[in-house]
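Read the structure below first, then the notes.
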Amino acid sequence: MRGPVFTPADPGFAAEVAAFNLSTQHQPDVAFGALDAEDVSAAVRWAAERGMPVSVQSTGHGATNAIEGGLLISTRRMLELSIDPLERIARVGAGVRWKAVVELASTFGLMGLCGSTTDVGVVGYTLGGGLPIMGRKYGFASDHVIAFELVTSDGTHRRVTKDENPELFYLLRGGKGNLGIVTAMEFHLFPGSDLFAGGLYFDGEHAPAVLQQFSEWVPSLPQEASASLAFLRLPDMEMIPEPLRGKFVVHLRYAYQGDAAVATQLLEPMRRSAPFMMDGTGPLDSTQMDSIHQDPDQPVPVRERGFLLDRLDKGAKSAILRHFGPGVQSPVLMAEVRLLGGALAKSADGEDTVGARDAAFSFFMAGMAVPPLAELLPVVFDAVRDDLRDASSGGTFVNLHGHFVDAEDRERPWGPTVRERLRKAKAELDPKNMFSFGHVVGLPVIDQTVLLQDVVTAGGDAVLNN
């Protein structure tokens, strides 16, 4: 292996395993900084020889549950990036962030399907489905993958496409890290022109009126338009613009690709819903996507929880306002309702494992995981979920699931049929459950009666490895 190796006693270990979420403190036994796919294969074989579990991290975004023990393979040095502008295809290594893709693609008038922040890794985001800013027009990022390059638990390097490995291709698009380590990926790009996007900020006292108008407005939006509404209790910090600093505000996020006059007309009902404090909407370059949601660009300690909604009816709106409306003292920094539907509702290239196809909205909460708020957040999250249960689909979107509390919760992003297919593939490709960290399914439950019968048939010579 050519990349650097770290143990907990080595200088640089803490930096190598650090997550973007500062409340998540990974503690592997060994950390390895892979330089390429061959390094990943060698590291996985090394771990397999020692019966050691393996985890993987690139940018550290999405690290909600801490890694304990085993080998952590960091892919952040794997920065291969190329674009074929004629075919509109990008190829990225496992460490590439969306920002690099967006900037290079823009030189050809193209864009990738990035989400609310370009600081996240392209591969990890896409393995979870990838919910883009322009998702209602184009679908999930995973819908447009052409090929994955995957290292499985025996160190084998495979190319996975719709034609070469159709079952694996199906499972990797939304199946997260169940079946191995993706070292590279190829995917389609799209025209990056004619974007109109940004945000409207309303004083929190207008939250009921804005939420009501939002619920009436979104059913009429064409699939070229995307929108979300966030209830923000912003800290009094210099990084926050002065008019918003230390305030409770409601932030409408909006994006449209097409004629600017149409985009403006579509937005008008929300402009009239209440007096707004700031208007940041207008023509947007594809490299300015981060200005829409304005997610934090520095590591912070957070706790998160997300789930899916079938509807935003009277009961759901009342529940949201009870927890996040005017006059409420909440430890939740952000509560967001994001519109789904449109092209997100069906796969663009056959079946996949994305679990948010049928939902109408994503609901997501985040708070600062610092005392005493850290102890309050799980209680509030549970209460909000209970109050929104009637409007909930019962599922979650894996990239916005947040911290999982048990084995059942970590599998919640996938329905029963998908879980069984993931388990079957895991039994074949990862029979010793080496890749057991993060959102993964368990191995199939073994029928002990059959195993015992096999032992008897074999004269007692069989060895059971449970």
Side-chain angles (χ1 to χ4, degrees), residues 1-7 10 12-13 16-17 26 28-60 63 67 69-82 90-97 121-128 145-173 175-187 422 424-441 443:
M1 294 183 289
R2 294 181 298 110
V5 179
F6 303 89
T7 70
D10 294 326
F13 175 84
E16 191 69 25
V17 305
H26 296 317
D29 296 316
V30 183
F32 171 58
L35 302 185
D36 53 27
E38 287 70 26
D39 259 2
V40 173
S41 294
V44 169
R45 287 194 299 271
W46 180 88
E49 290 169 1
R50 290 156 179 78
M52 182 178 285
V54 174
S55 57
V56 61
Q57 177 170 274
S58 176
T59 68
I67 293 164
L71 169 66
L72 187 154
I73 299 177
S74 169
T75 61
R76 62 188 175 93
R77 296 171 179 81
M78 298 171 62
L79 299 177
E80 174 191 1
L81 170 58
S82 62
R91 176 182 170 84
V92 300
V96 174
R97 298 173 190 251
V122 179
V123 168
Y125 162 91
T126 306
L127 287 174
V145 174
I146 299 167
F148 298 97
E149 294 184 5
L150 178 75
V151 172
T152 49
S153 66
D154 59 355
T156 300
H157 196 235
R158 306 167 186 249
R159 183 172 172 84
V160 181
T161 69
K162 185 179 180 180
D163 296 325
E164 293 179 60
N165 284 286
E167 179 68 6
L168 256 182
F169 188 67
Y170 155 77
L171 293 171
L172 287 175
R173 297 192 305 153
K176 211 59 178 173
N178 272 282
L179 305 175
I181 299 175
V182 171
T183 59
M185 191 176 72
E186 297 164 19
F187 54 94
L422 282 168
K424 181 180 178 182
K426 193 168 183 66
E428 296 172 358
L429 297 173
D430 185 18
K432 295 184 179 179
N433 199 25
M434 283 179 61
F435 303 112
S436 56
F437 297 100
H439 280 281
V440 295
V441 300
L443 289 169

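Owing to the predicted nature of the structure, the values given are computational and were not obtained by experimental measurement. By convention here, the first residue in the shown sequence is residue 1.
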Closest non-hydrogen atoms of V5 and D10, given as atom of the first, atom of the second and distance, are O-OD2, 4.0 Å
Output yes when a side-chain donor or acceptor of K176 lies under 3.5 Å from a complementary backbone atom of Y125, and no otherwise.
no
For the atom pair CG (L422) and CG (L443), what is the distance rounded to the nearest 0.5 Å?
11.5 Å
Report the residues that fulfil ring pair (Phe, Tyr, Trp, His ring centres under 6.0 Å) with F437, sequence neighbours left out, ordered by chain and then residue number.
none
If you look only at pairs with a residue in residues 31-42, which of them pass as a salt bridge (Lys or Arg N to Asp or Glu O under 4.0 Å), with sequence neighbours excluded?
R2-D36
side-chain contact (heavy atoms from CB on, under 4.5 Å) against K424, all qualifying residues, sequence neighbours excluded
E428
Mind listing the closest non-hydrogen atom pair of S436 and P53 along with its distance?
OG-CB, 4.0 Å
If I take atom CE from residue M185 and atom CD1 from residue I146, how far apart are they, to the nearest 0.5 angstrom?
10.0 Å
Under a 4.5 Å cut-off applied to non-hydrogen side-chain atoms, are N165 and L150 in contact?
no
Could I get the full list of side-chain hydrogen bond (donor to acceptor under 3.5 Å, both in side chains) partners for D430, not counting sequence neighbours?
K426
For T152, check side-chain hydrogen bond (donor to acceptor under 3.5 Å, both in side chains) against everything at least two apart and list the hits.
D154, R158
Residue pair L172, V145: steps toward the side-chain contact (heavy atoms from CB on, under 4.5 Å) verdict:
CA-CA 10 Å; L172 287 175; V145 174; over 6 Å; no
Pairing residues for S74 by the side-chain contact (heavy atoms from CB on, under 4.5 Å) criterion, not counting sequence neighbours:
E16, L72, R76, R77
List the residues meeting side-chain hydrogen bond (donor to acceptor under 3.5 Å, both in side chains) with E186, not counting sequence neighbours, and say none if there are none.
R91, R159
Sorted by chain and number, sequence neighbours left out, side-chain hydrogen bond (donor to acceptor under 3.5 Å, both in side chains) with K432 holds for none
Grab the two heavy atoms, one from L71 and one from A47, that are nearest each other, plus how far apart they are.
CD2-CB, 4.0 Å
May I ask you to test the V44-I181 pair for a side-chain heavy-atom distance under 4.5 Å?
yes
For a quick test of reading the model, state the closest non-hydrogen atom pair linking H26 to A63 and the distance between them.
NE2-CB, 3.7 Å
Identify, with sequence neighbours excluded, every residue that meets side-chain contact (heavy atoms from CB on, under 4.5 Å) alongside A90.
I83, F187, L189
Residue set satisfying salt bridge (Lys or Arg N to Asp or Glu O under 4.0 Å) with R97, at least two apart, ordered chain then number -> D119
Assess the residue pair V40 and H157 against the criterion (side-chain contact (heavy atoms from CB on, under 4.5 Å)); give the C-alpha distance rounded to whole Å, side-chain angles, the decisive distance to 0.1 Å, and a yes or no.
CA-CA 9 Å; V40 173; H157 196 235; over 6 Å; no
For the atom pair CE (M78) and CD1 (I73), what is the distance rounded to the nearest 0.5 Å?
9.5 Å
Please examine the side chains of F169 and D163, heavy atoms only from C-beta on, and report whether any two atoms are closer than 4.5 Å.
no
Carefully, step by step, assess L168 and F148 under the rule side-chain contact (heavy atoms from CB on, under 4.5 Å).
CA-CA 9 Å; L168 256 182; F148 298 97; over 6 Å; no
Contact check, side chains of L429 and T156, non-hydrogen atoms, under 4.5 Å
no
What distance do M52 atom CE and W46 atom CH2 have between them, rounded to the nearest 0.5 Å?
4.0 Å
Can you give me the closest heavy-atom contact between F32 and P4, atom names plus distance?
CD1-O, 3.3 Å
Minimum heavy-atom distance between P28 and F13, given as atom pair plus value:
O-CZ, 3.6 Å
